[in-house]
*Asks:* 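Below is one structure. I have some questions about it.
Please read these numbers as outputs of a predicted model, since none were measured by experiment. We name chains A, B, ... by the order of the sequence lines, and we start the count at 1 in each one.
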Amino acid sequence: MKKWFSLAIVSAVMLTTLSACGSNNNAEPTNNGGNAGTTNNTETKSNNAGATNTNAPAEEATGDSAISGKVVFLTNRTDMIDKQYTDYEKRFEEKYPGVDLQFEAITDYEKNLKIRIASGSFPDVVLLAGGIPNAELPKYFAPLDDIQFSDELYYQDLKKVDGKMYGISSGNSTVGIVYNKEAFAKAGVTEVPKTLDEFYAAAEKLKAAGIVPLASNFKDKWPLGAWIYDVPTMISKTADHQDKRAETDTPYTMDNVYGQSFSILRTLYEKGYLENDVNSTNWEQSKKDIAQGKFGMYLLGNWVVNQVIENGAASENVGFFPFPSDNSGEAKAPLNPDFFYGVNKDGNVAAAKAFVQWLIEESGYDDFAGFIPTLKNKKPKLAQLEEFNTYNPTYVEAVPPLSLPTEIQNKAQIEQEALVQEFVLSKDPQKVLDKYNEKWAKAKSALAK
Amino acid sequence: MFNRLPFHTQRKIIIVGFVAIPLLLLLTFAYYPALELIRLSFTDWDGMSPDKSWIGWDNYKEVFSNPEIFGVFKHNFAYFVVGIIQNILAIYFAIILNSKLRGKNFFRLLLFLPYILNGVAVAYLFGYVFDTTNGSLNTFLGTLGFDSLSQTSWLGSEGFVNYTLASIGLWRFMGFNMVIYLAALQSIPSDLYEAASIDGANGWQQFVYITLPNIYKIIELNLFLTVTGALEVFDLPFVLTNGGPAGASETFVMKIISTAFQFNNYGLASAMSVVLLLFVVVVLSIQRFLLNRGGN
Amino acid sequence: MKLKSNLWNGIKYISLLLAVFTVVFPPYIIIVNAFKTKEEFQNKTTFSLPDSFLNFANFAKAFEQANMLRAFGNTLFILALTLVLSILLGAAFCYAVGRFEFRFKNLIVGLFLFATIIPSVTTQVVNYKTIKGIPLVDAYNMLGPILLYVGADIMMIYIFLQFIRNIPYELDESAMLEGASLFKIFRSIIFPLLAPATATIVILKTISIYNDMFIPMLYLPKQEHIVVSTSLMRFFGVNSGDWQMVSSAILIIMIPTAVMYLLLQKYIFAGVTTGAVK
């Protein structure tokens with residue numbers, strides 16, 4: 001029945017909005033560290049932050065004459081339409097009077113982008129995540145090496161193919177524990193835990209005080225990404241663990257980084273440190289609950305801080321510290337890129353590049369989103385990041401993803417978030433790992449042929 | 001002038017003119033893509049790239065040899081069961097509302113109501129209703145004194161998560177089915193019933209010998225929709241459980257979508273769609289065969 | 001006999017009341033919460049009534065923030081054009097199929113039936129390409145969704161066919177004897193007699209188009225082409241933490257279909273098939 005079905009699709013499309021509020025990382029098998037979801041709910045008036053442009057504009061070098069015509073930016077930030085984007089349009093068109101800047105905002109971004117790329121025409125500036133393998137990038141996108149930025153950039157290599165850069169990170173984030181300070185105080189946790197054992201002890205105190213220690217948002221899957229991409233990075237102090245999977249037939253074992261990471265979550269689950277019913281969690285509600293101190297902590301990126309504040313928490317009441325993934329006492333944290341800006345090679349390339357540069361250098365989007373800026377010398381505006389840095393974490397930067405592990409994973413149809421869910425819920429987690437390893441090995445040998 | 005033409009010619013013009021455009025639209029937007037789908041099912045297309053290579057029957061072999069792909073059909077079964085209940089309820093209420101009854105307009109109005117509500121809003125709503133800790137259903141059960149029941153994890157239990165989800169479908173579409181049945185019931189000439197009453201037939205006999213045969217076509221249509229609906233369902237689990245807990249509510253279409261768009265294997269997803277299509281055809285043929293035999 | 005019919009009546013009413021309760025329970029929550037202030041929502045139970053049913057602040061904010069004026073305009077435009085086109089095409093199609101015998105007729109009807117089982121999720125890519133390939137559609141974006149909506153609707157064809165079969169053929173015959181052309185018979189006899197069915201279809205189709213989110217999302221991503229469902233979606237994106245705001249937005253969205261449904265219900269429920277020569 002058409003109606004059943006079209007209504008069905010409609011709702012499916014809503015998935016993003018419902019579960020992650022437009023965050024870009026639900027269900028994507030990226031292997032460059034889960035892109036932190038960033039669509040927040042906000043009316044923050046922080047959009048003029050970048051307007052004060054002290055850096056010498058570089059566009060003179062590229063030649064202003066070519067920069068004109070229509071530029072369309074396909075974005076996932078539906079919430080910024082008619083708000084910040086109106087302002088962006090005004091400011092950008094003031095700078096480049098010949099340009100007509102337009103925004104198209106969609107949810108379920110990656111799927112829609114793929115459909116549009118397949119149809120042969122897509123907007124000038126788009127957002128890239130892990131869905132499109134690097135090797136494919138030159139087919140659709142223009143190299144961006146000739147944009148002269150005022151500062152060095154993070155992650156110039158992540159979307160590099162044959163020495164050319166096809167994507168520029170829109171902002172970066174780290175992952176750690178975002179927590180409600182009042183809840184900690186109420187439970188009698190006076191110092192942030194520095195080791196895993198201290199962390200469990202703190203969770204126990206929170207639980208005893210009637211506070212749900214850690215909001216896992218288990219049901220929504222994408223929040224589990226931290227346990228797949230980031231906690232293993234912390235444990236091993238390397239960021240290439242997802243790549244390394246391609247070298248083995250058993251990428252998921254009890255004693256490697258994944259087994260260790262998943263076991264921490266399983267322990268939290270078994271001890272009752274997660275939500276009452278992990279299969280019935282509500283992402284939007286969880287932000288309120290953290291803000292109100294009903295829940296104590298998140299293990300997520302810094303991008304979530306602003307969202308908790310918007311949901312009623314006072315900024316000084318929200319803290320952020322590195323997650324102690326082991327008992328060493330050493331603070332470690334990943335540094336992950338968010339979506340990358342890509343430029344359609346058949347579009348209005350010159351103007352699109354000018355816009356990408358403007359987005360990075362002048363728009364103020366990174367501050368608005370609570371990111372660590374892509375310009376290496378620009379300081380993040382988020383107070384919680386400063387607090388985070390007082391713990392002197394060793395940052396582990398993301399590395400360029402290899403395509404083989406992704407191919408194996410796709411071939412084996414492994415969704416790692418589902419693997420985590422099964423691992424935590426199963427009576428026999430070893431069996432779950434065995435099952436996934438078997439799939440992996442089969443797909444790996446099939447691809448090797 | 002058109003009316004001067006002989007009826008024979010007029011007839012031809014009418015048939016061609018009236019059928020052509022709908023047929024063209026149908027072919028363009030349903031059959032052309034379907035054929036494309038079949039073609040793609042023999043390739044390794046990733047859903048985006050201009051290159052694809054022909055790989056023969058490999059995708060089909062994968063569909064039938066991988067238990068993970070086929071196994072999810074058992075999750076769809078719940079929707080089928082609930083769909084049948086939905087139809088029985090729809091006929092039941094249609095018959096009630098077709099009889100003499102005080103306030104029947106009011107009841108019709110309300111029972112059809114869920115259908116007009118926005119699908120996304122409904123999903124949202126039920127996410128809230130079925131929430132374990134804050135949900136209105138469990139709060140309600142608690143108020144009624146069913147303390148243990150009020151702790152139920154409606155969407156988190158592998159055992160009945162699919163039935164929970166399917167019951168939302170029932171909530172939404174029962175009234176719709178009912179209206180369709182009602183339309184059919186009202187198209188039955190009332191003199192048939194009068195004649196039957198004069199002949200001394202009781203209510204049940206009238207139902208079996210007059211009502212059922214006359215709404216037969218509509219039952220067939222609704223069953224058809226139930227079966228396809230059950231096989232193709234995916235909106236509610238997608239939104240409410242995301243296939244969880246641990247994959248217990250993943251349906252076949254969800255699997256198709258993730259294969260195509262998440263695992264970049266459009267070719268395999270196409271093959272799965274074709275298999276789904278064949279599956280529906282088979283089920284329907286069986287249904288037609290059984291119903292026709294019963295009808296004769 | 002009397003007892004039995006009383007019992008039967010009792011069952012009827014009890015089952016109806018149960019059904020009504022089940023149906024009303026979830027929307028009730030939306031309605032009471034739409035009128036609550038943020039504080040009320042946080043401090044009261046979900047079931048409780050708001051302090052005042054005159055607190056329209058949520059609605060005003062939702063209406064403005066979701067850009068609903070433009071959304072309603074666009075939706076209305078798409079709806080009007082789609083309905084006119086598809087009703088005309090559908091009725092004409094069913095007239096041809098319901099009144100005449102011709103070669104391939106069963107095949108064609110079968111094709112329409114069969115099309116419903118093609119899982120449309122996977123045909124998206126191809127359809128998107130097709131739509132983008134039609135020059136006129138590329139220029140006038142709104143035509144894309146209209147074209148897709150006009151495409152065959154099995155429910156419509158079923159209802160029309162059922163109806164046409166119940167219109168006595170003698171009407172056609174007597175008109176023919178009076179010299180009316182077949183086209184005129186369709187236009188001035190059959191089509192008017194189909195009015196109740198048309199009303200039913202208008203409602204059903206309006207509901208499905210009005211609530212559709214997928215097609216506008218894919219084909220109308222521009223802000224100026226926002227329709228009701230995409231505006232709701234964007235509103236969710238911004239306010240999904242605030243239940244009372246979301247509830248009021250949902251209510252705004254629901255009101256037009258609900259009103260239309262109330263006004264046109266008699267076409268659906270009353271004389272659906274009694275028409276013609278009674």
*Asks:* Let me see the working for Val19(B) and Phe102(C) under side-chain contact (heavy atoms from CB on, under 4.5 Å), right down to the final yes or no.
*Replies:* CA-CA 11 Å; Val19(B) 171; Phe102(C) 53 92; 4.2 Å; yes
*Asks:* Examine whether an atom of Phe140(B) lies under 4.5 Å from a heavy atom of chain C, and if so say whether it belongs to the side chain, the backbone or both; otherwise answer neither.
*Replies:*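 It is both, since atoms from each part get that close.
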*Asks:* Quick check for you: among Tyr92(B), Phe106(B), Phe126(B), which has the greatest number of heavy-atom pairs under 4.5 Å with chain C?
*Replies:*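 Heavy-atom pair counts peak at Tyr92(B).
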*Asks:* Less than 4.5 Å to any heavy atom of chain C: does that hold for the side chain of Leu101(B), its backbone, both, or neither?
*Replies:*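 When you check distances to chain C, atoms from both the backbone and side chain of Leu101(B) fall under 4.5 Å.
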*Asks:* Of the non-hydrogen atoms in Lys12(C) and Lys100(B), which two are nearest, and what is the gap between them?
*Replies:*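 Minimum heavy-atom contact is NZ-O, 4.1 Å.
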*Asks:* Measure the OH-OG distance between Tyr115(B) and Ser208(C) for me, rounded to the nearest 0.5 Å.
*Replies:*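 Answer for the OH-OG pair, Tyr115(B) versus Ser208(C), is 6.0 Å.
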*Asks:* Checking side-chain contact (heavy atoms from CB on, under 4.5 Å) for the pair Ile15(B)/Phe104(C): CA distance, chi angles, key distance, verdict?
*Replies:* CA-CA 11 Å; Ile15(B) 290 172; Phe104(C) 304 127; over 6 Å; no
*Asks:* Using heavy-atom distances under 4.5 Å, tell me whether Leu111(C) contacts chain B through its side chain, its backbone, both, or neither.
*Replies:*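 Both backbone and side chain of Leu111(C) come within 4.5 Å of chain B.
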*Asks:* Taking the side chain as C-beta and beyond, is there a heavy-atom pair between Ile131(C) and Phe29(B) under 4.5 Å?
*Replies:*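 Of all side-chain heavy-atom pairs linking Phe29(B) with Ile131(C), at least one is under 4.5 Å.
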*Asks:* Working to the nearest 0.5 Å, report the span between CD1 of Ile14(B) and CZ of Arg99(C).
*Replies:*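 Between Ile14(B) CD1 and Arg99(C) CZ, I get 12.5 Å after rounding to 0.5 Å.
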*Asks:* Please look at Thr206(C) and chain B and tell me whether the side chain, the backbone, both or neither of the residue comes under 4.5 angstrom of a heavy atom of that chain.
*Replies:*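 Neither part.
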*Asks:* Of all the heavy-atom pairs spanning Ala115(C) and Tyr31(B), show the shortest one and how long it is.
*Replies:*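 Closest heavy-atom pair between Ala115(C) and Tyr31(B): N-OH, 3.4 Å.
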*Asks:* Using a 3.5 Å distance criterion without hydrogens, assess whether the side chain of Tyr32(B) forms a donor-acceptor pair with backbone atoms of Asn127(C).
*Replies:*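 No, the answer is negative, given that no donor and acceptor are paired below the 3.5 Å cut-off.
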*Asks:* If you compare all heavy atoms of Tyr13(C) against all heavy atoms of Arg102(B), which two are closest, and at what distance to 0.1 Å?
*Replies:*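 Looking at all heavy atoms of both residues, the closest pair is OH-N, 3.0 Å.
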*Asks:* Report which part of Ser99(B) has an atom under 4.5 Å of a heavy atom belonging to chain C: side chain, backbone, both, or neither.
*Replies:*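 Contact with chain C: side chain only.
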*Asks:* Enter the distance from Phe93(C):CZ to Leu26(B):CG here, rounded to the nearest 0.5 Å.
*Replies:*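 Reported to 0.5 Å precision, the distance equals 8.0 Å.
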*Asks:* By a 4.5 Å heavy-atom criterion (distance strictly below it), what part of Ile21(B) contacts chain C: side chain, backbone, both, or neither?
*Replies:*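 Contact with chain C: side chain only.
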*Asks:* Just wondering, do Phe18(B) and Leu89(C) contact through their side chains at under 4.5 Å, heavy atoms?
*Replies:*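 A side-chain contact under 4.5 Å is absent here.
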*Asks:* Could you look at Leu85(C) and say if it's the side chain, the backbone, both or neither that has a heavy atom under 4.5 Å from chain B?
*Replies:*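 Neither the backbone nor the side chain of Leu85(C) comes within 4.5 Å of chain B.
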*Asks:* Quick one: does any side-chain atom of Arg11(B) pair with a main-chain N or O of Glu101(C) as donor and acceptor, under 3.5 Å?
*Replies:*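 Yes, the answer is positive, given that a donor and an acceptor are paired below the 3.5 Å cut-off.
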*Asks:* Using a 4.5 angstrom heavy-atom cutoff, name the option from Val227(B), Leu27(B), Leu110(B) with the most pairs to chain C.
*Replies:*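 When all of Val227(B), Leu27(B), Leu110(B) are compared, Leu110(B) has the most.
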*Asks:* For Leu89(B), does the CG atom sit with more than 12 other heavy atoms under 6.0 Å from it, leaving out its own atoms?
*Replies:*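 Counting neighbours around CG of Leu89(B), more than 12 heavy atoms of other residues, nucleotides or ligands fall under 6.0 Å, so yes.
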*Asks:* May I ask you to test the Leu111(B)-Leu16(C) pair for a side-chain heavy-atom distance under 4.5 Å?
*Replies:*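 In short, these two side chains touch, coming nearer than 4.5 Å.
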*Asks:* For the CE atom of Met176(C) and the CD atom of Gln10(B), what is their distance to the nearest 0.5 Å?
*Replies:*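 These two atoms lie 9.0 Å from each other.
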*Asks:* Using the salt bridge (Lys or Arg N to Asp or Glu O under 4.0 Å) rule, collect all pairs that involve residues 12-25 of chain B, keeping only residues at least two apart or in two chains.
*Replies:*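 Qualifying pairs, neighbours excluded: none.
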